[in-house]
Amino acid sequence: MSHTTSSHHLPQEERNTATEDLPPDDGPKASSPDAPEAIPDTGEATPDTGEATPDGAEAIPDTADVTPDGAEAPQEPDTVIPAAPAPGWRERHPVAARTLAWTTTVLAGALVLATLLLPNDPARLTPAEFLRIPVEGIAGAALLLVLPRTVRRVAAVLAGTVLALLAVLDFLDIGFIEALGRGFNVVFDWPLLGDGASFLQDSIGRAGATGVEIAAVVLVAALLVLTALAVVRLSNLMARHRAAAAGTTLVLGTAWVLCAALGLQVAGAPVASRSTSDLVQARMDGVSATLKDEREFARVAASDPYGNTPASKLLTGLRGKDVIFTFIESYGRSAVQDRLMAPGVDAVLAKGTERLRAAGYSARSGWLTSATYGGSSWLGHSTFLSGLWIDNQQRYRTVTAGDHLTLTKAFQRTGAWRTVGIMPGVTKGWPEAKFYGLDHVYDSRELGYQGPKFSWSTMPDQYSLSAFQRLEHGRPHDKPLMSEIILTSSHNPWAPLPKTLPWNKVGDGSVYRSIEKAGNNPVDVWQQTDRVRTEYGKSIQYSLNSLISYVEKYGNKNTVLVFLGDHQPVAKVSGDHASRDVPVALVAHDPDVLKRIADWHWTPSLNPGHRAPVWRMDTFRDRFLKAYGPHPGATAPAASR
């Protein structure tokens, strides 16, 4: 018995096709004796088993090719049933997928929490800082919960990006505090990053510095992307579990309020944290203070008590003297008072005092508090010479763009001295020479050095002094000299170090090649704090020995030497919370020169005592001009005008 397949058993598209292909229905037909018995429509398809029916007849497949009257049935299109997709990684490994998802969520939460609680002070980088409740995270979660989906995602990306940028600024603060003893100023400290890159190249080579720079860029980019993705992931999780997220946010908010009210702390850190908002507020206040300071400092720099003093009244107590101002890089109080470094440095100073006394010289020494710490030597130089407190780059740019009187310019103004600068650390044009009042500057390109660099230092101090003697001091001149000399061998990273040579062996510096090759590698030295401090002490000893030896050999009865440190070394050497004090000494052959500073009460040696006076570095200019000339604003008699 044959049968036809009901169109109700086909998918909708196939039923439509079958209906369109059949002839029109003319209405009910009379039942024929020969017609096959109708099969009831049960709504289920007849199984196509290919097996015989109970009466022994062969089973008829669902896709019969003939109609009940024997005519050929209309052809139906082939039905393509798509294959079921292959199970994905998550379906094949559900446990691993769940573990990965939870791990990613936990890491996202940890990253966001770390950026919210990250301190900007290396002294506060302790586990306790990260065991607190950040109010910014609670407020952010509450906001994300009420935002619509699209706005929420945009807000999450922006929040993550801002958190990452704040973290980058925190890391810059940490680095600047370690190196310079102060935080990063977002207004004018960006150029210092270039200086840091140059220093890194001088310390570990171009390839190593390039690798570090690339790694830094990649890390910053990764932090920006990952933090944004982390906030997005957490916001999506909260949206899927809105009720639980809202309850958790409420509980944390209540806990924060209670901890803040009770003043609860963990290892000295408040449990109720608002560090991110405080840091943002501090940075905004810092920008405002910087802009205000710029205007105020410009006003102060324009007013100079010695600005109108006639040239004939300046520095009358030093006429005819060869005056040398020498800055020793990183020569700070730590060098002469630290238990590890002081023994060697103090021995050099004690012996140097005796050596100079034997040569007819006397010395007085005291302390100056530098405007900078760990680096940015030019801030210390300009503070000492200008009599203005120059503790940031903006102040430096302001003062050097004006005509404020510096000590060196005072010598130039008199017309009684030739003024020169020995600047081995200057490797390109230096327009500030005009501001400082230097008739000629010998930079690293003019000193004739043919030897190797010693890390950052372009040449050893003894060579710089030898070149000064050859180019200026040892040549006949019709005026005495006023010289500003920068000694750089004690510059970070203090490896490799040069050695003191007989003066007739210095030559063009080629002799230093073998010394440089035999020296220490900076990377090796910096792996151990005690070793860094030891090498720093050795570098100070070398610079002091070079300078003392120069005065012994080339000084004369008209020599007056003022030497000092520009700043303390970095915290890794000087220690956390070290002072900014640096030694300063005045050496002279003529007793009258020292009599003029008797009221300074300085220590009668190269090494200032613990009780020696401590002055701010910006007060030195006026004290010096007063000791060797008139009071501020003194004018010449009418007859001499």
Side-chain angles (χ1 to χ4, degrees), residues 100-101 103-145 147 149-179 183-194 196-197 211-239 245 249 252 256 269 273-287:
L100 179 61
T103 301
T104 304
T105 300
V106 170
L107 291 176
L111 178 59
V112 172
L113 187 65
T115 55
L116 285 169
L117 296 175
L118 178 68
N120 67 337
D121 186 343
R124 291 169 48 209
L125 278 175
T126 61
E129 287 288 329
F130 299 95
L131 299 177
R132 302 184 295 152
I133 305 173
V135 67
E136 302 85 3
I138 298 171
L143 177 62
L144 291 174
L145 280 172
L147 293 177
R149 179 180 179 182
T150 302
V151 178
R152 185 188 73 242
R153 289 189 173 183
V154 173
V157 171
L158 290 177
T161 303
V162 170
L163 281 178
L165 290 174
L166 291 175
V168 170
L169 292 177
D170 289 339
F171 283 121
L172 287 173
D173 276 340
I174 291 171
F176 269 62
I177 290 173
E178 284 287 344
F184 178 78
N185 189 298
V186 297
V187 178
F188 48 68
D189 276 348
W190 296 104
L192 297 183
L193 298 181
V212 172
E213 292 167 13
I214 292 174
V217 171
V218 170
L219 287 175
V220 170
L223 182 61
L224 290 169
V225 173
L226 292 177
T227 307
L229 292 177
V231 177
V232 170
R233 183 178 184 86
L234 295 177
S235 67
N236 290 339
L237 181 64
M238 290 190 299
T249 302
L252 289 174
W256 189 93
S273 167
R274 55 182 186 185
S275 58
T276 298
S277 55
D278 286 346
L279 286 174
V280 170
Q281 184 63 51
R283 294 193 190 283
M284 294 174 63
D285 292 344
V287 171

Does any non-hydrogen side-chain atom of Leu172 lie less than 4.5 Å from one of Val186?
-> no
Are any non-hydrogen side-chain atoms of Val112 and Leu163 less than 4.5 angstrom apart?
-> yes
Give me the atom names and distance for the closest heavy-atom approach of [X] to [Y].
| X | Y | answer |
| --- | --- | --- |
| Arg153 | Val232 | O-CG2, 4.3 Å |
| Leu234 | Gly109 | CD1-CA, 3.8 Å |
| Glu136 | Ser273 | OE1-O, 4.1 Å |
| Ser235 | Arg152 | O-NE, 3.7 Å |
| Leu145 | Ala245 | CD2-CB, 3.9 Å |
| Ala141 | Thr249 | CB-OG1, 3.9 Å |

Can you list the residues that meet the side chain to side chain contact (heavy atoms under 4.5 Å, CB included) rule with [X], with sequence neighbours excluded?
| X | answer |
| --- | --- |
| Ile177 | Asp121, Pro122 |
| Val154 | Leu158 |
| Val162 | Leu166 |
| Leu118 | Leu125, Phe130, Ala167, Asp170, Phe171 |

In sequence, state the C-alpha distance, the side-chain angles, and the governing distance for Thr276 and Thr115, and then conclude on side-chain contact (heavy atoms from CB on, under 4.5 Å).
-> CA-CA 9 Å; Thr276 298; Thr115 55; over 6 Å; no
Rounded to the nearest 0.5 Å, what separates atom [atom1] in [X] from atom [atom2] in [Y]?
| X | Y | atom1 | atom2 | answer |
| --- | --- | --- | --- | --- |
| Ile174 | Leu169 | CD1 | CG | 11.5 Å |
| Leu226 | Leu219 | CG | CG | 10.0 Å |
| Leu111 | Thr104 | CG | OG1 | 12.0 Å |

Taking salt bridge (Lys or Arg N to Asp or Glu O under 4.0 Å) as the test, write out the residues that go with Glu129, two or more places apart.
->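 Partners of Glu129 under the salt bridge (Lys or Arg N to Asp or Glu O under 4.0 Å) test: Arg124, Arg132.
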With sequence neighbours left out, write down each residue that passes salt bridge (Lys or Arg N to Asp or Glu O under 4.0 Å) with Asp278, or none if nothing qualifies.
-> Arg274
Look at the side chain of Thr227 and the backbone N and O of Leu224, then say whether any donor-acceptor pair between them is shorter than 3.5 Å.
->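 Here the side-chain-to-backbone pair does not exist.
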Where the side chain of Asn120 meets the backbone of Asp173, is there a donor-acceptor pair that is under 3.5 Å apart?
-> no
Taking atom types as modelled, is there a side-chain donor on Thr105 or Arg233 under 3.5 Å from an acceptor on the other?
->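 Yes - a donor-acceptor pair under 3.5 Å links their side chains.
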